[in-house]
Amino acid sequence: MIDKNDIQEDMAVVGSDGEHVGTVDKVEDDQIKLTKNDSPNGQHNFIPCDMVDSIDGDTVTLSLTSEEAMESFEEDSVIPEAGSATGGA
């Protein structure tokens, strides 16, 4: 099993096919947040850490292809940044 603490900022993320998916911005909870500068849709995209197959040097390899990963970005493109409940002050 992969230790999410081994995933570091600026690591390359590739699919199981070796194709580039993105660059790690940081790990939030159990998800890898990718930089939006290196994103096909210009947004921060998230990949669950359990989708990581291996880490080799500065490269994170996923257990799914780059195409499958990018399709998941489109499906999950509407993720709320914050809770919908309003907080009182």
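As a basis for the values below, the full set of heavy atoms in this structure was taken, side chains included, without hydrogen atoms, waters or symmetry mates.
When all heavy atoms of Asp38 and His20 are compared, the closest pair comes out as OD2-NE2, 2.5 Å. Annotation for Leu64 and Ala69: closest pair CD1-N, 3.6 Å, computed over non-hydrogen atoms.
Glu19 is linked by a salt bridge (charged side-chain N to carboxylate O under 4.0 Å, His left out) to nothing, counting only residues two or more places apart in sequence or in another chain. Scanning for side-chain hydrogen bond (donor to acceptor under 3.5 Å, both in side chains) contacts around Asp29 gives an empty result, with sequence neighbours left out.
Looking at Gln31, its side chain never comes within 3.5 Å of a backbone N or O of Glu28 through a donor-acceptor pair.
Here CG of Asp6 is found 7.5 Å from CE of Met11. Values are rounded to the nearest 0.5 Å. The structure places CZ of Phe46 at 11.0 Å from CD1 of Ile32, a figure rounded to the nearest 0.5 Å. How far CG of Asp25 is from NE2 of His44: 5.5 Å, rounded to the nearest 0.5 Å.
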List the steps and the verdict of side chain to side chain contact (heavy atoms under 4.5 Å, CB included) for Val13 and Ile47.
CA-CA 10 Å; Val13 179; Ile47 298 174; 4.1 Å; yes

- Kindly indicate, with the supporting measurements, whether the criterion side chain to side chain contact (heavy atoms under 4.5 Å, CB included) is fulfilled by Asp10 and Val24. CA-CA 5 Å; Asp10 295 326; Val24 175; over 6 Å; no

Could you give me the CA-CA distance, side-chain angles and deciding distance for Lys26 and Glu9, then say whether salt bridge (Lys or Arg N to Asp or Glu O under 4.0 Å) is met?
CA-CA 5 Å; Lys26 61 182 172 179; Glu9 183 178 348; over 6 Å; no

Anything under 3.5 Å between a donor and an acceptor, one on a side chain of residues 48-63, the other on a protein residue two or more places apart or in another chain? List them.
residue	atom	partner	partner atom	Å
Ser63	OG	Met51	O	3.1

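Side-chain N/O atoms of Ser39 and Asn45 include a donor and acceptor closer than 3.5 Å. A donor-acceptor pair shorter than 3.5 Å can be found between the side chains of Ser66 and Asp17.
The hydrophobic cluster containing Ile2 does not contain Val14, counting ILVMFWY residues as joined when their side-chain heavy atoms lie under 4.5 angstrom apart, directly or transitively.
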